[in-house]
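In what follows, a single structure is set out as structure tokens and then discussed.
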Amino acid sequence: MSLITPDFGLLFWMTLIFAVVFFILAKFGFPVITDMIQARADRIDQSIRLAKEAEAELASLKERQQQILDDAQREQVLIQMEGVRLKDEMIAKARAAAEEESARIIEKARRQIAAERDEAIRQIRTTVAGLSIGIAEKVLRKNLDNIDAQTEYVDRLVNEIKSSSSESN
Amino acid sequence: MKGLIKLIVAMLAALIPVGLGAQDLDMHEYLFGHIGDSYEWHITTVNSKPVSIYLPVILHSKHSGWHCFSSRHIAEGESYQGFAIDPEKGKLVETLSDGTIYRPLDISVTKNVLGLLINSILLLVLVLSAARWYRKHDAMQEAPRGFAGAMEMMVCMIEDDVIKDCVGADYRRYSPYLLSVFFFIFINNLMGIVPFFPGGANITGNIAITMTLALCTFIAVNVFGNKHYWKDILWPDVPVYLKVPIPLMPLIEIIGMFTKPFSLMVRLFANILAGHIMLLGVVAVVFLTAKLGTALNAGLSVIAVFFGVFMDVLELLVAFLQAYVFTMLSSVFIGLSRQQPQE
């Protein structure tokens with residue numbers, strides 16, 4: 001039997017059929033599948049790489065976020081310090097202004113007091129002068145009755161004036 | 001216990017009509033009818049009438065030119081237009097008017113050719129329907145499920161484990177061929193195990209088929225071999241006295257060029273053929289023991305069925321394994337022909 005001798009008819013058909021099958025499969029069959037599988041494998045690789053990059057970016061973002069937070073905190077402290085400084089300054093300024101104002105008021109009061117005192121002194125002086133003159137009038141009126149006593153009195157006065165002038169010399 | 005077995009055997013014996021297997025089994029015809037090629041596809045026999053598919057016979061005779069007729073006319077040893085099947089060789093021969101027997105050019109569509117056609121169409125449908133999934137869907141967005149997923153798994157397995165590893169850098173150029181070979185052999189092996197039409201044709205167990213496949217690998221290896229490959233054959237890296245004056249090593253290498261595809265051819269052919277013969281032999285036990293009495297026949301039939309199931313499962317493994325081995329060795333040979341010289 002022709003078990004180990006290849007039959008020509010079958011060889012012919014096999015060559016023809018296999019050629020056609022191979023042509024169709026190699027053109028429309030396997031390349032479509034393998035290309036897609038390859039493309040998907042590439043895509044998966046790429047996605048993994050992208051995911052890693054995204055992760056790294058996320059980590060750097062977190063770092064930056066932390067940095068921003070730190071910066072904000074530092075800024076906050078600075079602003080707070082500035083605020084305190086400004087407050088102190090304002091208080092100092094206000095105090096200075098208040099002192100100045102109070103000094104001015106005191107000065108003004110003092111001047112007024114002085115003016116009022118002068119006025120009062122003047123009034124007192126006028127009153128005292130009037131009173132003195134009145135008293136003097138009364139005294140004089142009483143003492144003019146006695147000539148001796150008057151003379152004596154005038155002498156005394158003159159002496160007094162003399163002594164006082166000599167003392168002043 | 002013994003009584004029980006006797007009872008079961010007796011019941012089994014009663015179930016089997018005497019004389020079912022009484023007719024003599026022509027072992028030669030039985031075996032070669034299944035593993036060999038024929039002009040008709042005998043499917044079954046109903047009431048001693050054969051149910052067959054008669055296939056076209058295409059002949060070219062030097063004396064009478066082209067002939068094309070149905071094999072119905074030459075069934076049962078009849079003669080038609082001077083052609084008849086040679087009972088010894090099982091091939092059509094022409095008997096000339098002077099009595100000489102002459103073998104014409106015979107490209108008939110035989111049982112194996114029809115099986116080959118059916119399996120090839122099946123293969124095309126399977127692969128193209130899987131490829132269609134990739135055309136219809138965006139493989140970037142989803143992975144195939146169901147049949148396309150199974151095909152992808154097979155394709156990936158062959159491409160990644162066999163082709164990529166064995167061929168080397170430019171494997172993409174060869175992967176369509178190697179994948180085609182793998183699936184072609186695999187589907188033909190599987191269909192050969194199916195015991196009824198449209199399976200059952202012993203295709204990959206036919207040397208003409210494996211020869212064509214081996215020839216394709218031979219062409220793939222030698223036509224696309226690089227300079228290094230040819231240098232390795234004609235002037236290998238061995239001491240000079242092995243190359244001149246007697247080109248001992250080049251001769252061995254050149255013989256090796258042919259033995260590699262030859263081994264591919266014989267390995268696949270012999271494995272599948274042996275599997276078929278084993279299976280047929282196991283099944284034949286049922287009919288061969290019919291003459292030995294009902295009890296023995298029944299007992300041996302049970303054993304034969306169990307052993308047949310075992311063989312069938314084994315053949316499933318072999319069907320895959322031989323396709324895998326053929327593809328792997330082809331890949332290795334191609335890989336060797338594409339090797340770059342090592343520094």
Side-chain angles (χ1 to χ4, degrees), chain A residues 1-70, chain B residues 28 32 35-37 58 88-91 105-110 112-113 116-117 119-121 123-124 127-128 130-135 137 139-140 143-144 148 151-152 155-156 159-160 172 175-181 183-184 203 205-213 215-216 266 269 273:
Chain A
M1 293 297 281
S2 62
L3 263 189
I4 52 164
T5 48
D7 182 50
F8 175 77
L10 195 53
L11 266 181
F12 166 78
W13 284 109
M14 170 61 186
T15 310
L16 190 69
I17 292 170
F18 185 69
V20 171
V21 168
F22 171 55
F23 176 78
I24 295 174
L25 288 186
K27 198 148 175 68
F28 308 108
F30 291 119
V32 176
I33 298 175
T34 52
D35 285 357
M36 274 294 194
I37 291 169
Q38 188 65 41
R40 200 171 57 211
D42 289 348
R43 169 72 168 258
I44 290 168
D45 287 351
Q46 196 192 357
S47 299
I48 289 171
R49 206 174 54 243
L50 281 179
K52 263 185 191 159
E53 280 174 15
E55 210 176 322
E57 199 153 319
L58 197 67
S60 82
L61 267 180
K62 261 191 184 153
E63 207 170 297
R64 247 173 60 197
Q65 193 187 14
Q66 192 56 46
Q67 204 180 341
I68 288 168
L69 264 171
D70 288 353
Chain B
H28 186 271
F32 285 94
I35 60 173
D37 206 353
I58 304 163
E88 268 178 45
K89 291 188 175 167
K91 294 287 169 199
L105 180 75
D106 185 355
I107 50 167
S108 304
V109 176
T110 57
N112 279 349
V113 174
L116 204 55
L117 271 170
N119 298 350
S120 298
I121 289 166
L123 174 65
L124 286 179
V127 175
L128 291 182
R132 190 163 162 270
W133 186 93
Y134 290 91
R135 285 187 207 277
H137 294 72
M140 299 295 155
M151 280 299 287
E152 179 181 319
V155 170
C156 274
E159 177 154 89
D160 291 349
R172 292 190 71 79
S175 88
Y177 166 67
L178 293 164
L179 283 168
S180 297
V181 163
F183 282 97
F184 187 85
I203 292 170
N206 189 301
I207 201 153
I209 307 293
T210 60
M211 189 180 176
T212 310
L213 290 169
L215 209 63
C216 288
V266 172
F269 154 72
L273 183 69

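Bear in mind the structure is a predicted one, so any value in this text is a computation, not a measurement. Order of the sequence lines fixes the chain letters, A, B, ..., with proteins taken first and strands second; residue numbering starts at 1 for each chain.
Counting heavy atoms from C-beta on, the side chains of A:M14 and B:N206 never come closer than 4.5 Å. Side chains of A:L25 and B:L123 form a contact here, defined as non-hydrogen atoms less than 4.5 Å apart. Annotation: side chain of B:L116 is not in contact with side chain of A:F18 (no heavy-atom distance under 4.5 Å). Between B:E159 and B:L178, the closest side-chain pair of non-hydrogen atoms is not below 4.5 Å. The shortest side-chain heavy-atom distance between A:Q65 and A:K62 falls under the 4.5 Å cut-off. Annotation: side chain of B:V113 is in contact with side chain of A:L10 (closest heavy-atom distance under 4.5 Å).
Counting heavy atoms of neighbouring residues, nucleotides and ligands inside a 6.0 Å radius, atom CD of A:E53 exceeds 12 of them.
The choice from B:S108, B:C216, B:A131 that makes the most heavy-atom pairs within less than 4.5 Å of chain A is B:A131. If you tally non-hydrogen atom pairs under 4.5 Å between each of B:A130, B:S180, B:P144, B:A148 and chain A, the highest count goes to B:S180. Chain B forms the most heavy-atom pairs under 4.5 Å with one residue out of A:V20, A:D35, A:L16, A:I44, and that residue is A:D35. Of the listed residues (B:I209, B:V155, B:I58, B:L273), the one with the most heavy-atom contacts under 4.5 Å to chain A is B:I209. The candidate with the highest count of non-hydrogen atom pairs below 4.5 Å against chain A, out of B:M151, B:M211, B:R135, is B:R135. When A:V32, A:D42, A:I33, A:T34 are compared by the number of non-hydrogen pairs under 4.5 Å with chain B, A:I33 comes out ahead. Chain B forms more heavy-atom pairs under 4.5 Å with one residue of A:S47, A:A19, A:G29 than with any other, namely A:G29. Of the listed residues (B:L179, B:I121, B:L117), the greatest number of heavy-atom pairs within a distance under 4.5 Å of chain A belongs to B:L179.
Here the CD1-CZ distance, from A:I17 to A:F12, works out to 9.5 Å after rounding to the nearest 0.5 Å. Taking CZ of A:F8 as the start and CG of B:L105 as the end, the distance is 5.0 Å to the nearest 0.5 Å. Remark: B:T210 OG1 to B:I203 CD1 distance equals 12.5 Å, nearest 0.5 Å.
Contacts of A:L11 with chain B are made by both backbone and side-chain atoms, with heavy-atom separations under 4.5 Å. With a threshold of 4.5 angstrom between heavy atoms, B:L215 does not approach chain A through any atom at all. Interface residue B:Y177: backbone and side-chain heavy atoms are both found under 4.5 Å from chain A. Residue contact with chain B, scored on non-hydrogen atoms closer than 4.5 Å, involves the backbone and the side chain of A:R40 alike. Contact annotation for B:D106: only backbone heavy atoms (N, CA, C, O) come within less than 4.5 Å of a heavy atom of chain A. Using a 4.5 Å cut-off between heavy atoms, B:V266 makes no contact with chain A at all. Of the two parts of B:Y134, the backbone and the side chain both hold a non-hydrogen atom closer than 4.5 Å to a non-hydrogen atom of chain A. With a threshold of 4.5 angstrom between heavy atoms, B:R132 does not approach chain A through any atom at all.
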